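See below for the structure under consideration.
When a ligand or atom number is given, it counts from 1 through the structure's own listing order. From a predicted model like this one, the values you see are computed outputs, not experimental measurements.
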Amino acid sequence: MSSQIDHLLDETRKFPPSEEFAAQSVSSPELYERAAADREAFWAEQSRELLSWNTPFTRVLDWSTPPFAKWFDDGELNVAYNCLDRHVEAGNGDRVALHWEGEPGDSRSITYAELTEEVKRVANVLEDLGIGHGDRVAIYLPMIPEAVASMLAVARVGAIHSVVFGGFSADSLRARIDDAGAKLVITADGGYRKGRVSALKPAVDQALSDRGDGEQQTVEHVLVVKRGENEVDWQEGRDVWWHDAVPAASADHEAQAFPSENPLFILYTSGTTGKPKGILHTSGGYLTQAAYSHKYVFDLHPETDVYWCTADIGWITGHSYVTYGPLANGATQVIYEGTPDSPHPGRWWEIIEKYRVSIFYTAPTAIRSFMKIGRSVPQKFDLSSLRLLGSVGEPINPEAWIWYRDVIGAGKTPIVDTWWQTETGAIMVSALPGVTATKPGSAQVPLPGISIDVVDESGTEVGNGNGGLLVITEPWPSMLRGIWGDPERYKETYWEKFENQGYYFAGDGARLDDDGDLWLLGRVDDVMNVSGHRLSTAEIESSLVAHEATAEAAVVGASDETTGQAVVAFVIIKESYLSAHDPAGLAQQLRLWVGEQIGAIARPRDVYIVGELPKTRSGKIMRRLLRDVAEGREVGDTTTLADTAVMSIISAQVK
Ligand code: WT7
């Protein structure tokens with residue numbers, strides 16, 4: 001089977017940066033030239049410029065035992081010192097690091113001096129609890145300042161954090177604690193979500209309870225933040241209140257330097273299939289690329305910008321673009337505890353207005369849900385402080401891109417569509433605002449210093465105008481260093497497919513357009529084969545969403561006697577349309593629409609109008625489950641769904 005993916009949609013609009021934007025931009029075309037001239041020298045230069053090393057490195061990349069990379073490996077640094085103390089020492093202690101907004105409307109602004117002091121105290125508490133170099137600490141917290149402080153304190157003492165998203169169940173938490181052999185869990189009584197305190201401590205208690213024979217308990221202590229007023233069960237000797245221990249601890253703590261390749265964190269990613277993988281990241285290379293990409297992709301001016309990334313720290317985006325990148329760069333940022341619609345649907349826009357946010361980074365799934373409610377909500381707020389918008393997590397269809405630019409960005413802000421993965425640690429593909437003319441729907445070009453290609457099954461370049469598989473052809477500083485405890489799985493999953501070429505296989509389909517710009521086409525596992533044509537989910541979904549009646553869409557390939565596979569679409573209709581049109585008529589209209597827009601080959605065999613789509617907790621559609629429905633099978637494992645009831649509703653609607 002050919003790996004060529006057919007290309008159906010064309011987008012020709014381009015938005016060059018305004019002269020005003022380009023004139024003040026931190027990046028310049030010269031970055032690409034310098035990186036192309038000598039990639040390793042470029043990264044060394046970035047690292048020296050952006051970070052403070054206690055022991056300067058003399059070696060850049062050691063790739064003598066691929067796929068296990070070492071970056072800057074004879075250098076030593078302290079990651080927390082780089083994110084905190086050095087800004088205070090440079091005279092910026094009074095700059096706000098975090099504007100924190102709680103869901104009920106309580107808020108705290110914390111300066112770099114205050115955050116540094118807090119992290120020093122927490123580091124002392126961790127050491128008192130027996131945590132040191134190489135120990136694993138699970139963090140299971142809501143989006144509160146203590147979450148960021150915890151990550152940095154763990155890094156400060158040379159330990160390894162494993163942040164587990166607060167929406168995960170006790171079972172998921174238990175699996176992650178056990179896999180990493182965590183010695184300490186940091187949690188809270190709960191956190192605000194949708195107007196009430198959703199409990200966290202009971203899940204920790206459950207995850208640590210009922211050990212069977214041979215099931216070892218590695219956790220010695222649980223450090224508990226009091227966020228709400230929830231009653232908690234208390235285990236004397238094991239549990240420690242944050243508000244007892246932290247204020248009582250000393251605010252002096254010397255940051256010791258650790259080797260560049262010292263592990264910094266493990267982050268579990270389940271993707272859409274299989275047992276979660278503990279993705280391992282280390283210190284010097286990771287922090288270099290997190291800081292570098294944050295500075296140039298978001299055109300950061302740390303003295304004046306107010307930056308807001310809406311991701312939870314439970315995801316890689318929250319690691320690289322809430323905690324490490326922004327703080328290494330001395331940025332001022334907003335973090336928000338709650339859901340976008342609590343207590344009212346304009347909550348996010350209200351926060352942008354309140355803090356005069358200038359750089360805003362979010363996910364297409366959020367943008368589409370705002371489109372569904374309509375522009376009248378954001379239009380009630382003053383969004384004039386925004387000067388740059390970002391997108392991450394899945395392809396952003398041109399329709400949503402234009403809405404984002406027009407309605408949120410007043411028709412003038414550049415939009416950076418950033419492609420990367422938990423595994424890549426930092427942004428790999430994105431426009432550079434101020435340099436690149438942006439193109440709706442395309443993630444565009446590799447960052448300076450990054451080498452990306454699109455190849456066929458045999459590893460040969462497909463060239464401009466063609467689709468295939470996305471690969472990374474050279475090692476990069478923030479690359480994963482492995483899967484915790486499973487080096488074989490690391491090799492198999494990412495490196496075996498293009499072993500001869502030595503390429504990293506990302507698992508995504510992609511296309512290069514005639515300008516050489518990159519278009520992400522969805523996971524390769526989801527590509528459909530209709531009458532011998534390989535069709536991407538992303539393009540057909542984009543076409544469906546471009547219809548005025550559609551709020552969201554997911555397509556899958558279902559086996560078909562005549563065509564091999566047939567396109568089956570699941571579509572959420574905007575409320576205003578549902579009441580005025582009959583569903584059968586709408587479904588037929590959408591079939592024809594796709595046929596007209598992108599060709600008969602892509603016309604869905606079936607269009608099902610549904611009320612919800614099955615999504616993981618990070619907002620990715622689980623097409624595997626929709627395939628089960630489309631092929632009339634029993635629906636498979638739904639445990640990683642954000643809402644496990646969704647599949648029975650969809651199955652019933654389809655019947
Ligand atoms: C997968 C990685 C990267 C942080 C959040 C997700 C998809 C990510 C884009 C984008 C199209 C994208 C890919 C990738 N993806 N960004 N800008 N355009 N697709 O991290 O959970 O590790 O997911 O998300 O399929 O492989 P993750």
Requested in this report: May I ask you to say whether R387 pairs ionically with D305, meaning some side-chain N is under 4.0 Å from a carboxylate O?
Outcome: yes

Query raised in the report: How would you list all residue pairs meeting ring pair (Phe, Tyr, Trp, His ring centres under 6.0 Å) that involve residues 432-454, not counting sequence neighbours?
Result: none

Requested in this report: For residues 358-370, pull every pair meeting salt bridge (charged side-chain N to carboxylate O under 4.0 Å, His left out), keeping only residues two or more places apart or in separate chains.
Outcome: R368-E394, R368-E552

Report task. Only pairs at least two apart or in different chains count here, so list each salt bridge (charged side-chain N to carboxylate O under 4.0 Å, His left out) that has a residue in residues 282-293. Result -> none

Query - Ion pair R627/D526, N-O distance below 4.0 Å - result: yes

Requested in this report: Using a strict cut-off of less than 4.0 Å between a Lys/Arg side-chain nitrogen and an Asp/Glu carboxylate oxygen, indicate whether D515 and K14 qualify as a salt bridge.
Outcome: yes

Note down each nitrogen or oxygen pair, ligand 1 side and protein side, whose separation is under 3.5 Å; give only atom names and the distance to 0.1 Å.
unit_1, atom_1, unit_2, atom_2, d
ligand 1, 15 (N), G393, O, 3.2
ligand 1, 16 (N), G393, N, 3.1
ligand 1, 17 (N), D417, OD1, 2.7
ligand 1, 17 (N), T418, O, 2.7
ligand 1, 18 (N), E394, O, 3.4
ligand 1, 22 (O), T422, N, 2.8
ligand 1, 22 (O), T422, OG1, 2.6
ligand 1, 23 (O), K620, NZ, 3.3
ligand 1, 24 (O), G393, O, 3.2
ligand 1, 24 (O), K620, NZ, 3.0
ligand 1, 25 (O), D508, OD1, 2.8
ligand 1, 25 (O), D508, OD2, 3.1
ligand 1, 26 (O), Q421, NE2, 2.9
ligand 1, 26 (O), D508, OD1, 3.2
ligand 1, 26 (O), D508, OD2, 2.8
ligand 1, 26 (O), R523, NH1, 2.9

